[in-house]
Amino acid sequence: MRAIPPLLLFCLFLLLLPSIQMKKPGKGRGLKGARHKLTRDRTRGPRRHSRSGPSGLVSPNCLESTESGHVFVDCQERRLSFIPTANTWSNKPKHLLLARNRIKVLHDGAFLGYENLDSLDLQQNQISLVEDGAFQGLTKLTTLLLQHNRLQTLSEEVLIPMPNLGYLRLYDNPWNCLCPIDSLVRTLQVPSNRNLGNHARCAKPIWLKNMKLKHVDPELLCKEPDPANNQQSDETGYTGVLEPSSIRSKPDATTVCFTYHYPQIRMDCSNRGLTEVPSGIPDNVVHIDLSHNSISHLKARDFHAAKSLRTLNLSNNNMEHLDKGSLTGLLHLQELDLSNNNLTFVQHGVLEDLYFLLHLKLEGNLWVCDYSIQYMVYWLSLHPGVSPSGLVCYSPLEYAGESVEEYVKAYNRECPKQQSRPDQDQTDPELWNTLMEAQAELEEEELEPSALRVPQKYQIIRLS
C-alpha cells in the first residue's frame with residue numbers, strides 16, 4: 001500500500017481546521033443546544049412581573065355561574081393575593097366574590113373593566129390599605145363588603161366613585177379614630193347613609209375604643225390631646241367618656257358571624273364560642289349555621305325575627321333543652337339540624353310553626369324512650385312530608401338502638417285500654433227526683449227579693 005506523504009496530510013489538516021472551530025460545544029443545533037439553553041435560563045432565573053398588574057400570572061380557578069340572569073364569579077378561598085383582570089371571565093360579572101383570600105392592598109384602578117358590578121365581597125382578607133382610586137369605574141355598585149380585614153384608616157374619596165352604594169360593611173377592622181378618618185366618619189353619619197358602616201367600632205385611641213363610628217363626635221378626631229389628660233391616661237389607662245355598656249348583653253349576630261350576601265344571604269356562626277343564639281339576626285337571612293358552639297338551651301323568641309329562614313343548623317352544641325316558642329316564626333323553614341346534641345325529648349308545642357319543614361336531623365342525641373317522646377312521633381305522623389333521620393332510643397337499655405317509632409307502636413299495643421265507666425248519677429233513676437227537687441228549690445229562692453234572702457253556703461250539685 002502506498003504511503004501518504006506528510007506534506008499532503010498537513011494540507012488536509014489546514015483545510016479542516018476552520019470547520020472544527022465553527023462547531024463550538026453547546027452552541028450547535030439539536031439536543032446539545034437545547035440543554036445549553038435550559039441551563040442558561042435556569043441560571044438567569046424566572047422573569048419578574050411588573051407591578052402594574054398580574055398579566056403574567058395564571059388565571060385563578062374560579063367558578064362562573066348564572067342565576068336569575070345575573071353572572072356570579074366565585075373566587076372565594078382561592079389564596080389570591082391580587083384582583084383578577086376583568087377580561088379573565090367569559091361574561092362581565094354582576095357579583096364578584098373574593099372573600100377569604102390573601103389580598104393585602106387595593107391599588108388604584110384595581111377594578112377597571114368591572115363597570116357592571118352590583119356587589120363586591122372582599123371580606124376576610126388581609127386588606128390594610130385601600131388607595132383612593134381603587135374602586136374607580138364602579139358606578140353601579142350597590143353593595144361593598146370590607147368587614148373582617150385589617151383597615152385602620154379610610155378616606156371619603158374612596159367612596160366617591162360609587163354613587164349608588166347603599167350597603168357598606170366595615171366592622172371587625174382595627175379602626176384608628178384619629179384625624180385621617182375624619183372625612184369617612186362624617187360621611188357615615190349622614191342620615192341618608194343609614195346602611196353604611198353600621199357596627200364598625202374604634203380600636204384606638206383608648207378613650208374612643210369600642211365606640212361606633214356612627215356615634216363618634218368628629219370634632220374629637222382632630223382635636224389635639226391635652227398634655228394633662230395624656231398624663232392622666234398614662235396613669236389610669238383611659239381619658240374621656242367611654243360609651244356605656246350593659247352588664248351582660250347577647251352577642252350581635254352581624255358582628256360575631258360571617259355574612260355572605262350572594263347568591264342568597266347566609267350567616268356562618270359556627271365555631272364562634274357562642275353560649276346562646278346571638279341577637280340582631282336580620283329578617284332576610286336564608287341560611288344560618290350555628291354548629292360547633294356551646295348553646296345548651298334554646299330560648300323562646302330566639303329566632304322570632306328570622307322570618308325568611310330556610311335552613312337552620314344547630315348541630316354539635318351540647319344542647320339539652322328547647323323552650324316552647326324557641327322556633328316560633330320559622331314558618332318557611334325547610335331544614336332543621338339538631339344532630340349530635342344532648343336532647344332527651346322535645347316538649348309539646350315546640351315544632352308547631354314548622355309548616356313547611358322537609359328535613360329533620362336528629363341523630364347523635366340521648367333520646368329517652370318513655371311517654372315524653374310520644375309528642376315527636378305524633379307530630380311526625382301529622383306531617384308526612386317531613387323526612388326525619390336518627391330518631392333512635394338511647395335509653396333505657398332495653399330499648400337502646402330501637403327506632404322511636406317502633407317503640408311507640410309497641411307501647412300503644414301493650415298499654416291496656418281503660419274502659420270508661422258511666423256516671424252513677426246518669427244511670428240511677430232513684431237519684432233523678434232528688435236532683436230535680438234541688439233544682440226547683442234553687443229556682444224558688446232566685447224569685448225572692450234580695451233583701452229577704454238568707455245567706456247560705458253555696459253547694460255544687462251536678463245536674464244530668
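All residue numbers in this chain count up from 1 along the given sequence.
Here the CG-OG1 distance, from Asn193 to Thr187, works out to 7.0 Å after rounding to the nearest 0.5 Å. Summarising the geometry, atom CG belonging to Leu333 is positioned 10.5 Å from atom CG belonging to Asp353; distances are rounded to the nearest 0.5 Å. Distance check: Gln147 CD to Gln124 CD gives 7.5 Å after rounding to the nearest 0.5 Å. A distance of 5.5 Å separates NE2 of His348 from OH of Tyr375, quoted to the nearest 0.5 Å. Summarising the geometry, atom CG belonging to Leu274 is positioned 13.5 Å from atom NE2 belonging to His292; distances are rounded to the nearest 0.5 Å. Between the CG atom in Leu96 and the SG atom in Cys62 there is a gap of 8.0 Å [rounded to 0.5 Å].
Residues Leu221 and Leu208 form a side-chain contact, since some pair of their non-hydrogen atoms from C-beta on lies under 4.5 Å apart. Looking only at side-chain heavy atoms (C-beta outward), His199 and Lys212 come within less than 4.5 Å of each other. Between Phe135 and Val130, the closest side-chain pair of non-hydrogen atoms falls below 4.5 Å. Using a 4.5 Å heavy-atom threshold, the side chains of Ser119 and Tyr167 count as separate. No side-chain heavy atom of Val216 sits under 4.5 Å from any side-chain heavy atom of Ile181. Using a 4.5 Å heavy-atom threshold, the side chains of Glu276 and Lys299 count as touching. Considering only heavy atoms from C-beta on, Val377 stays 4.5 Å or farther from Tyr407 through its side chain. You'll find the side chain of Tyr114 reaches within 4.5 Å of the side chain of Leu138, heavy atoms only.
The local environment of CZ in Arg301 is sparse, with at most 12 non-hydrogen atoms from other residues, nucleotides or ligands closer than 6.0 Å. More than 12 heavy atoms of other residues, nucleotides or ligands shown are found within 6.0 angstrom of NZ on Lys214. Enclosure of atom OH in Tyr394 is not indicated, since only 12 or fewer non-hydrogen atoms of other residues, nucleotides or ligands lie within 6.0 angstrom. Heavy-atom neighbours of Leu382 CG from other residues, nucleotides or ligands within 6.0 Å: above the threshold of 12.
The backbone N or O of Ser339 lies less than 3.5 Å from a partner atom in the side chain of Asp337, making a donor-acceptor pair. A donor-acceptor contact shorter than 3.5 Å links the side chain of Ser183 to the backbone of Glu156. In this structure a side-chain-to-backbone donor-acceptor pair under 3.5 Å is missing from Asn173 to Trp175. A side-chain donor-acceptor contact under 3.5 Å links Asn125 to the backbone of Ile103.
Leu213 and Cys202 make their closest contact through CD2-SG, 3.7 Å (heavy atoms, listed as atom of the first residue, atom of the second, distance). Of all heavy-atom pairs between Val73 and Pro93, the closest is CG2-CB, 3.5 Å. Pro218 and Gln189 make their closest contact through CG-OE1, 3.6 Å (heavy atoms, listed as atom of the first residue, atom of the second, distance). Residues Leu98 and Leu120 come closest through the heavy atom pair CD1-CD1, 4.3 Å. Across all their heavy atoms, Asp132 and Ser155 have their closest contact at OD1-CB, 3.7 Å. Nearest heavy atom pair, residue Gln347 against residue Lys324, reads NE2-N, 3.1 Å.
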Inset, instruction - Begin with the C-alpha distance, continue with both residues' side-chain angles, and end with the deciding distance and a verdict on side-chain contact (heavy atoms from CB on, under 4.5 Å) for Lys209 and Ile206. - result: CA-CA 5 Å; Lys209 186 175 182 179; Ile206 190 66; 4.1 Å; yes
Inset, instruction - Please lay out, stage by stage, how Leu141 and Phe111 fare under the test side-chain contact (heavy atoms from CB on, under 4.5 Å). - result: CA-CA 11 Å; Leu141 196 72; Phe111 297 96; over 6 Å; no
Inset, instruction - Begin from the C-alpha positions of Glu131 and His107 and carry the test side-chain hydrogen bond (donor to acceptor under 3.5 Å, both in side chains) through to its verdict. - result: CA-CA 5 Å; Glu131 296 182 355; His107 294 291; 3.3 Å; yes
Legend entry - Test side-chain contact (heavy atoms from CB on, under 4.5 Å) applied to Gln123 and Tyr171, step by step: CA-CA 10 Å; Gln123 64 177 298; Tyr171 56 85; 5.7 Å; no
Inset, instruction - Determine, stepwise, if the pair Leu170 / Leu188 fulfils side-chain contact (heavy atoms from CB on, under 4.5 Å). - result: CA-CA 11 Å; Leu170 298 171; Leu188 299 181; 4.2 Å; yes
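Legend: disulfide bond (SG atoms under 2.5 Å apart) pairs involving residues 295-372, not counting sequence neighbours, sorted by first then second residue: Cys369-Cys393. For residues 70-83, the side-chain hydrogen bond (donor to acceptor under 3.5 Å, both in side chains) pairs, not counting sequence neighbours, are His70-His95, Asp74-Gln76, Glu77-Arg100.
Asp121 meets the salt bridge (charged side-chain N to carboxylate O under 4.0 Å, His left out) test with no other residue; sequence neighbours excluded.
For the residue pair His148/Asp172, the side-chain donor-acceptor check at 3.5 Å is satisfied. In summary, the side chains of Asn164 and Thr142 do not present any donor paired with an acceptor at a separation below 3.5 Å, with no hydrogens or angles considered.
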Under 3.5 Å donor-acceptor pairs involving side-chain atoms of residues 279-288, not counting sequence neighbours:
residue	atom	partner	partner atom	Å
Ser279	OG	Pro251	O	3.4
His287	ND1	Thr311	OG1	2.6
His287	NE2	Gln264	OE1	2.9

Listed pairs under 3.5 Å, donor-acceptor, residues 356-367 side chains, sequence neighbours left out:
residue	atom	partner	partner atom	Å
Glu363	OE1	Ser389	OG	3.0
Asn365	OD1	Asn341	N	3.3
Asn365	OD1	Leu343	N	3.1
Asn365	ND2	Leu338	O	3.0
Asn365	ND2	Leu362	O	2.9
Trp367	NE1	Leu362	O	3.1

Donor-acceptor contacts under 3.5 Å from residues 312-319 side chains, at least two apart:
residue	atom	partner	partner atom	Å
Asn313	OD1	Ser315	N	3.1
Asn313	OD1	Ser315	OG	2.8
Asn313	ND2	Asp289	OD1	3.4
Asn317	OD1	Asn293	N	3.3
Asn317	OD1	Ser294	N	3.4
Asn317	OD1	Ile295	N	3.2
Asn317	ND2	Leu290	O	2.9
Asn317	ND2	Leu314	O	3.1
Asn317	ND2	Ser315	O	3.1

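Here the two rings, on His332 and Tyr355, have centers that are 6.0 Å apart or farther.
Just one of Asn198, Leu122, Thr255 meets the side-chain contact (heavy atoms from CB on, under 4.5 Å) condition when paired with Arg169; it is Asn198.
Classification of the His383-Trp379 ring pair by plane angle, with boundaries at 30° and 60°, yields parallel.
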